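Both backbone and side-chain heavy atoms feed into the values below; hydrogens, waters and symmetry mates do not. When a ligand or atom number is given, it counts from 1 through the structure's own listing order. None of the values given here were measured: they were computed from a predicted structure.
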Amino acid sequence: MSKKQFKAESKRLLDMMIHSIYTNREIFLRELISNASDALDKRHYLSLTDNRYATDSSNLKITLTIHKDTRQLIIEDTGVGMSQEELEKNLGTIARSGSAEFRKQLEENVDNVDIIGQFGVGFYSAFIVAKHVLVETKSAASDKAYSWSSTGEDGYTINEIEKPEIGTRITIDLKDNSEEENFDEFLEEYKIRELVKKYSDYVRYPIQMEVTKSIPDPTDDQKTIDTKELETLNSMIPLWKKSKSSITQEEYNSFYKAKFNDWEDPQKVIHYSVEGTLSYTALLFIPSKTPYNFYYQDFEPGLQLYSKGVFILDKAKDLVPDYYRFVQGIIDSDDLNLNISREILQQDRQVKLLAKSIEKKIQASLEDMLKNDRDNYEKFFDNFGLNLKYGIYQDYGLHKDQLQDLIMFRSSKEGKYVTLKEYTDRMPTEQKSIYYAVGSSIDEIEQSPIMPKLKKKGYEVLYFLDQRDEFVTGILQNYAEKNFVSISQANLDLDSEEEKKEIEEKTEQNKDLLTAMKDALDGKVKEVRISSRLVDDPVCIVADEGVSLDMERFLANDPMNKDRAVTATKILEINPNHPIFTKLQEVSKTSSDKLKEYTDVLYDQALLIEGLPIKNPVEFAKKIANLIVDAK
Ligand code: ADP
Ligand code: MG
């Protein structure tokens with residue numbers, strides 16, 4: 001009838017788009033199905049008040065047809081259809097909103113496939129694969145039916161046609177194959193089925209296609225014959241849209257396993273809907289095992305994003321904060337634009353609100369698990385606790401208030417897990433600090449010479465079994481107004497006034513011995529002093545303010561720091577109640593050589609107990625040997 005030009009701007013955009021999308025070309029099907037689904041929605045909605053749109057609900061559907069011989073793919077819906085004016089208005093201008101911006105983006109990133117998702121270019125994506133598109137449509141509001149056809153190049157033609165039933169049929173003539181590109185896959189049943197599953201599985205209307213099935217030949221049981229059968233390709237009702245009470249644990253489990261490729265059932269399912277300014281449904285899972293690559297670069301966190309059941313993005317990582325990156329799942333929101341992309345996701349205000357709301361829910365559900373399902377929480381913590389700790393020292397401690405009650409440490413109370421709240425709630429009133437000990441195993445820590453003293457006082461000690469634990473408390477600084485104090489810190493301040501006095505006296509009495517020992521160590525320690533923290537052992541090393549022994553050990557074991565010696569300022573403490581102390585007193589009166597030898601051995605011994613390397617192991621062994629020979 002009449003051939004019309006695309007608006008100049010539209011034409012250029014179309015051109016550029018067609019020539020810049022190579023790898024993501026399959027999304028055209030998603031776009032056309034989503035338009036069909038919108039049209040069905042509109043028809044359903046209008047039919048509530050207008051009889052002209054009425055139809056049996058079983059008639060609301062999308063049909064896909066493949067014609068291999070003519071290389072055509074047909075997408076047909078029984079939705080609202082379009083009148084002549086609507087055809088003009090809707091399909092005559094590309095990217096009606098924001099076309100200038102769209103062009104700019106295209107010009108800037110010719111190869112960027114994601115840009116297609118950012119703009120309302122849905123319908124036109126058909127031209128990525130089509131050399132000709134024919135739209136045949138009938139609106140209930142119009143007596144006549146019309147076609148719109150275009151090669152995408154110079155313009156489009158609108159004609160009046162015969163089409164009795166309401167709805168839209170889009171016929172795509174696939175482009176000819178060339179050396180660079182082949183379009184045959186879009187004529188394969190399996191490919192179309194795969195794309196529908198991937199992008200449109202949860203569209204609310206059936207997406208049907210005639211598929212070829214092989215059945216036994218009734219006349220010859222050695223043979224099969226092919227028949228055509230209409231099949232619904234999509235599962236339509238997403239699990240997350242069903243009411244919680246109608247879903248069994250088994251359904252959740254199998255859904256999770258299939259969708260997220262896990263062999264094991266999830267440890268926790270978080271399923272909820274939010275209604276309000278931003279409405280959405282979430283179906284989230286916490287895996288029951290740490291994914292093997294969880295702490296590596298190639299682990300991809302993020303949630304799947306749907307809009308009204310139409311798949312938008314996989315692994316949308318802006319929807320979950322890093323410290324909850326172990327959460328897997330699906331978000332389906334009616335309020336999101338279908339044409340959202342990874343780039344847009346970060347800036348979109350709606351998405352930010354959504355992320356905030358999701359984060360709150362995860363937080364609440366972890367808190368609930370900690371409170372009401374302790375065993376499970378501990379299991380969860382074994383898997384992902386490290387990530388929560390990591391969250392505390394990330395971003396300079398920005399999230400510490402939120403996370404500090406979710407972390408746990410093993411402690412001297414039977415090696416069990418304790419939260420900081422539990423620890424401070426049950427500590428004796430006179431206890432001034434939260435005590436911790438660093439070590440690579442519970443055994444190692446329990447053998448520390450300082451532990452007996454704390455046990456005696458009834459003070460619980462947190463076991464820092466992970467090298468990062470000290471960073472965590474470094475960021476927290478305190479909890480419930482109590483400081484974190486390493487049991488190997490110089491000023492433990494555990495003593496009563498009386499005990500302090502006693503130490504002072506003993507120090508005074510043994511001044512010469514202590515000075516002689518310090519000199520013997522020749523600058524290796526800042527001080528040799530009488531210990532108030534030792535119960536059973538003869539000596540220990542503690543660190544003065546500044547670099548802790550744990551830090552020294554950590555850095556010594558880290559190959560990155562091999563050459564940079566960062567050492568703690570050390571203090572050697574001796575136990576005045578140990579027989580060795582008496583021996584030292586005796587020896588100091590007779591032989592300064594012997595005293596030096598003993599002191600060296602004791603110092604090295606204290607280092608070894610702390611897990612620190614000794615300077616000269618050969619020398620140490622020799623001295624021990626001498627001592628054995630001397631012993632009578
Ligand atoms: P969007 O879907 O973001 O509006 P599209 O380019 O995908 O942008 O589609 C443009 C418009 O064309 C739609 O808004 C709709 O009005 C109309 N349209 C497209 N496909 C159909 C269809 N199958 N049935 C009815 N209207 C359609
Ligand atoms: Mg669309």
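- Applying the 4.0 Å criterion to heavy atoms of Leu91 picks out, from ligand 1, the atoms 12 (O).
- Neither the backbone nor the side chain of Leu32 comes within contact range of ligand 1; no heavy atom lies under 4.0 Å.
- For Phe326 and Phe380, the distance between ring centers is under 6.0 angstrom.
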Practice task
With side-chain contact (heavy atoms from CB on, under 4.5 Å) as the test, would you mind laying out the steps for Trp148 and Met82 before giving the verdict?
Solution key: CA-CA 10 Å; Trp148 177 103; Met82 283 175 273; over 6 Å; no
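- In terms of heavy-atom proximity, Glu251 sits nearest to Leu239 at O-CD2, 4.0 Å.
- Nearest-residue assignment for atom 2 (O) of ligand 1 (options Asn35, Val80, Asp77; heavy-atom criterion): Asn35.
- Backbone or side-chain N, O or S atoms of Ser34 do not reach the Mg ion (ligand 2) at under 2.8 Å.
- Taking distance alone, with nitrogen or oxygen atoms compared against 3.5 Å, Tyr124 stays at or beyond that limit from ligand 1.
- Contacts between Met82 and ligand 1, counted as non-hydrogen atom pairs separated by less than 4.0 Å, involve the side chain only.
- Ring orientation note: the planes of Tyr202 and Phe255 are tilted relative to one another, at an angle of 30° to 60°.
- Using a cut-off of 4.0 Å between Lys/Arg side-chain N and Asp/Glu carboxylate O, Glu300 and Lys315 are scored as not salt-bridged.
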